[in-house]
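Atoms within each ligand, like the ligands themselves, are counted from 1 in listed order.
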Amino acid sequence: MPNLFGMTREEIEAYFLSKGDKKYRAIQVYEWLYQKRVFDIDLFSNIKNEVREELKKDFDTSFIKIHQRQKDELTVKYLFHLEDHEAIEAVVMMHDYGVSICVSSQVGCNMGCRFCESGRLKKRRNLKAYEMVQQILLAEADLGMRISSVVIMGIGEPLDNFLEVTKFIKIINDAKGIAIGARHITLSTCGLVPKIYELAKFSIQINLAVSFHAPYDELRNKLMPVNKVYSIPVLIKAIADYLQVTSRRVTIEYVMLNNVNDSIECAKELAHLFKGMNIYVNLIPYNETNHLEFSRSSKTRIKEFYDTLKSEKINVTIRKEFGRNIDAACGQLRGREIK
Ligand code: SAH
C-alpha cells in the first residue's frame, strides 16, 4: 500500500479521477496534511465518509519515528527509525534568515568518499519520497516551527535515488502543500554526471551544489572514487551545460582537509577550472570524524585559500558551522548508535 505522504498532488488527482470522483479532492487532502497538519483521514471533515473509508483502504499513513534528538542553541539533530528498523538522520539549523533542514536521501551510501562518515555504511536502500517528506513534518511538529529551506545533503547520494528525490521535491514545493520555494531547496551531489543532465531538465528549478573537494584528477580520484568514472573535465562540462540550460548559479562545495587539498596552488587551480562560470565556492571546515587520516585545515589556512579565490575573482563563502558539539556532522550520530 503506498504511503499517502509520498504522493504528488497529480497522483492523488489521478487516484480520485480513477474512482469517478473530482480532481479537487486532491487539494483537500493536501490542505489537511500540509496546511492544517491533520494526519488522521477520519478527521478530513469536508470529505464524505465513504470516500475517507476508501482512502484508508488504499493508502498507508504511518510515520517514521523520532528515535533520538540532540540539541544545542542553534542546531537540532534527529535520528529517525524507519519501518524496517533502518536509521537515518536529519539536522535542523536556525539561521537569522529562517530555519533550514538537512535531510537524508538513502540508508547508507555507495559513493565511498574517503573522508565521509556516512559512507561507512554501504547503501542498504533508497529512501521513499514519504520518508523524506516526513523528516520535515516530524521536525516541524517537534519544534513547533516552520522550516523555510531544505538541503538534501544528509546521508546518501540524492542523484543515485533520482526518482524518489524528485518526487519528494515536487511534494514539498507544491503551492497547496508545504510550499517550499524552489530557490529554498538545494540538492548536493558528488558528481553523478548523467543525472546532472537529467536534473537540468527537471521542471522545478532548485539549487544545485556539487561536492568538488579537489582540483586535480589524481587527488580527486583518491578522495572521491566517483571521479574515476566521471573525471573533473567531464564534471565541469556537465556543470557548464547545466548553467546554460538553467541559468541558475551552481554552488561548488569544497571541504577543507588539512594538508590534503588546502594549498594555495589548489586554490589557484580551482579558480582556473571555474574561471568565468556562474558558480560560487563554499568552503566547508572539515568536521573531524573517525577517519583519523583527515583533519581540519586551520582557520588561517582557510582564510588564505579564501583570499586566493577572491583575488582570482571567484565568489566564495566559508560555511558557518553548526552542531559540532552534538555530532551533527555527516552521519556521526547514526555512526555512534550503530557502534
Ligand atoms: N552525497 C551528496 C550529499 C551528501 S554529503 C554529496 O556528496 O554532495 C554533503 C556534503 O558534506 C558533501 O559536500 C560532503 O563531501 C560533505 N562532507 C562529508 N563528510 C564531511 C565532514 N566530515 N565534514 C565536512 N563535510 C563533509
Within-shell test, [X] vs ligand 1, heavy atom, strictly < 4.0 Å:
X	answer
M224	no
E157	yes
C109	no
M111	no

I need the atoms of ligand 1 closer than 4.0 Å to a non-hydrogen atom of [X], numbered in the order shown.
X	value
C190	6 (C), 7 (O), 8 (O)
G156	1 (N), 2 (C), 3 (C), 4 (C)
G154	4 (C)
C116	18 (C), 19 (N)
T289	22 (N)

Heavy atoms, side chains only, cut-off 4.5 Å: are K320 and L74 in contact? yes
Flag the pair L137 / I178 as yes when at least one side-chain heavy-atom distance between them is below 4.5 Å, and no otherwise. yes
Here's a test for you: under side-chain contact (heavy atoms from CB on, under 4.5 Å), which of Q134, Q135, E164 qualifies with L127? Q135
Looking only at distances, please establish whether an N/O atom of ligand 1 is found under 3.5 Å from an N/O atom of S211. yes
At under 4.0 Å between heavy atoms, which part of T189 makes contact with ligand 1: side chain, backbone, both or neither? backbone
Could you tell me whether V255 approaches ligand 1 through its side chain, its backbone, both or neither, with non-hydrogen atoms closer than 4.0 Å? side chain
With ring centroids as reference points, do F5 and F39 lie under 6.0 angstrom apart? yes
Among H213, E321, M153, which residue places a heavy atom closest to atom 14 (C) of ligand 1? H213
Which residues pass the side chain to side chain donor-acceptor pair (under 3.5 Å) test with N259, not counting sequence neighbours? none
Looking at Q106 and G156, what are the two nearest heavy atoms and their distance? OE1-CA, 3.5 Å
Could you pull out all donor-acceptor pairs under 3.5 Å where a side-chain atom in residues 249-257 meets a protein atom, sequence neighbours excluded?
| from | atom 1 | to | atom 2 | distance (Å) |
| --- | --- | --- | --- | --- |
| E253 | OE1 | S188 | OG | 2.6 |
| E253 | OE1 | S211 | OG | 3.3 |
| E253 | OE2 | R319 | NH2 | 3.2 |
| Y254 | OH | N261 | O | 2.6 |

Thinking salt bridges, do D84 and R124 make one under a 4.0 Å N-O criterion? no
Output yes when a side-chain donor or acceptor of N207 lies under 3.5 Å from a complementary backbone atom of R183, and no otherwise. yes
